[in-house]
Each structure stands twice: as structure tokens, then as C-alpha cells.
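Here the structure comes first, spelled out in C-alpha cells, and everything after it is commentary.
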Amino acid sequence: MAAARRPLVAGNWKMNGLRASAAELDRIIAGFEPALAARIDLLVCPPATLIAQFAERSKGTPVLIGAQDCHFEASGAHTGDLSAEMLRDAGATAVIVGHSERRTGHGESDALVRAKAEAVLRAGLMAIVCIGESRAERDAGHTLEIARRQLADSVPQGAAPQRLVVAYEPVWAIGSGSTPAPRDITAVHEFIREELASRFGMAARLTRILYGGSVKAENASALLRSAEVDGALVGGASLKAAELLAISRAYL
Ligand code: PGA
């Protein structure tokens, strides 16, 4: 029942953007035409320093603003960290957790990712939980096994299916220009849906499953065509309004 799920295109700006980048956000807002806004959700996740400014600027428009990470506690002695509640207060409506750059660069475990996802849901926000295999794991034929383990260990048990988003991002496809074949993406997404259904039953139909990794305007329609793909998590290409909007138009 793909029709029950509204596609989501999410831009992950990573550690890019200064206050002057609001001009790029303005171009995204201006180009997110009503026909497109009627069909999909568009989310921009800038660095945390820009969330409040971007949320203010996008107020009253269909463009949503999100964050890239959070701490699992609501407040406390955690120097340098930000809680989901703080991000909500700044205007974020969603938080990405478990991105491979955090799993690898910050040693985040599935258990920590799960705690963060729980925190996002506790704060009433949308949790975008990232999973995906490395090149070596794929070459060894372990793609589905890795997906199963990461889903089991990083998706919270009590997750509200409609506020949970799973982003399938093969680590080897991120920032590399290589992508899996569309049929391989479909197969992994089908597997993820089955795994979610085994935990959440029929309600798993409400969870959106995004593909991420080298999505660009030129490959978006091929990568996003499958009914199993409910949208995209876009890194590099989301920094340019024209590219992000062109990717979004795959849904027109
Ligand atoms: P990319 O990044 O689109 O630059 O490959 C995707 C991501 O890391 O979410």
C-alpha cells in the first residue's frame, strides 16, 4: 500500500553552511512549487547552528527543517551536545540518527542509535534512522544480515510507525558516485519492510523507507521509481537548491 505513504525527500547538509546559506534555503522554498508540495514532504537538515534561522525563514511554507544528530537525554551535563527537545525548540521537526558518518566517525553503536531514536520520538519529532552495509559486507553477501541486525538493534521497540523513517544508505554509496542497481535497492527495501512488519505488524506500512547514497538529479528518477522507495536522503546534491528540487521532481 505505497499510496498510504507520502514521499519524503530529505537533504542532509552535513558540516556545510553558514548564515549566508539562508539564500539557498530561500531558493528551495521558492522552487518548491504547490504541485510538488501537494505530493511530497521536503526536509532540509542544516548544521545545528542554522536550525533556528532556517525554521524561522521557512515558517508558513511547506519546507520542513530537521537536525542531523542529537543526544539521548533531554538535558544535563553533556558538554557540546544537543537534545532532541532543544532541537525541537529551535524549530526542527525531524532528527537523523545513526548516519554512517556518526557510526564510523564517532563510534556510535546500534544501542546508542536506538537511544537517540527513542529520544527523538520522546520529543515528538520524526526519527530518521540510518542503516546500511559497508563495501566489504556487501561483497561478502551480508547486506540483508547487516540490515536485519541494524534494524533490530537501532530501531526502538515502541516506535510510532508514522513518525519513524528508515533510511537505507549503503556506506559505499555515500559520496562515492556509485549506487546499487534499482532492483537491488528494491530488494533491500522489501526486506526492511518485512522486518518492520514482523515487529510492528500492519502498522509497519506507515513507515517510510528512504534510499540514500549518491542520489542526484540525473539518477533520481531511476533510483526512486520503485514503489518500495518512499523517498531519498540526499547529501552533497542537497546543498544546491536546483539539484534538490530536481531530485524532488522525480515525484511529479
Ligand atoms: P550523498 O550522501 O548524497 O552525498 O552520497 C548521502 C548521505 O550521507 O546521507
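Read the numbers this way: they start at 1 and go in the same order the structure lists the ligands and their atoms.
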Report yes if some N/O of Gly212 lies less than 3.5 Å from some N/O of ligand 1; otherwise report no.
no
For atom 3 (O) of ligand 1, what's the nearest protein heavy atom and its distance?
Gly235 N, 2.8 Å
Hey, is His99 one of the residues with a heavy atom under 4.0 angstrom from ligand 1?
yes
Does anything in residues 228-252 form a ring pair (Phe, Tyr, Trp, His ring centres under 6.0 Å)? List the pairs, not counting sequence neighbours.
none
Min N/O separation Ser176 to ligand 1 under 3.5 Å:
no
Given Gly236, Cys130, Ser178, which one has a non-hydrogen atom that is nearest to atom 4 (O) of ligand 1?
Gly236
Answer yes or no: is there an ion pair linking Arg114 with Asp110, defined by an N-O contact shorter than 4.0 Å?
no
Can you confirm whether more than 12 heavy atoms, excluding those of Lys240, are under 6.0 Å from its NZ atom?
no
SB check Arg193 Glu190 (cutoff 4.0 Å):
no
Which residue owns the protein heavy atom closest to atom 9 (O) of ligand 1, what's the atom, and how far is it?
Glu169 OE2, 2.7 Å
Residues in ring-ring contact (aromatic ring centres under 6.0 Å, His included) contact with Phe54, at least two apart in sequence or another chain:
Trp13
Which of the atoms of ligand 1 are close to Asn12, meaning less than 4.0 Å from one of its heavy atoms?
9 (O)
Check Ile174 against ligand 1 and report side chain, backbone, both or neither, counting heavy atoms closer than 4.0 Å.
both
By number and element, which atoms of ligand 1 are closer than 4.0 Å to a non-hydrogen atom of Gly213?
5 (O)
Heavy-atom neighbours of Arg225 CZ exceed 12 at 6.0 Å:
no
Aromatic plane relationship, His189 with Tyr168 - under 30° parallel, 30 to 60° tilted, over 60° perpendicular
perpendicular
Would Gly175 count as being in polar contact with ligand 1, using the rule that some N or O on each side must be under 3.5 angstrom apart?
yes
With a cut-off of 4.0 Å, which atoms of ligand 1 are near a heavy atom of Leu233?
9 (O)
Ionic contact status for Glu85 with Arg88, cut-off 4.0 Å:
no
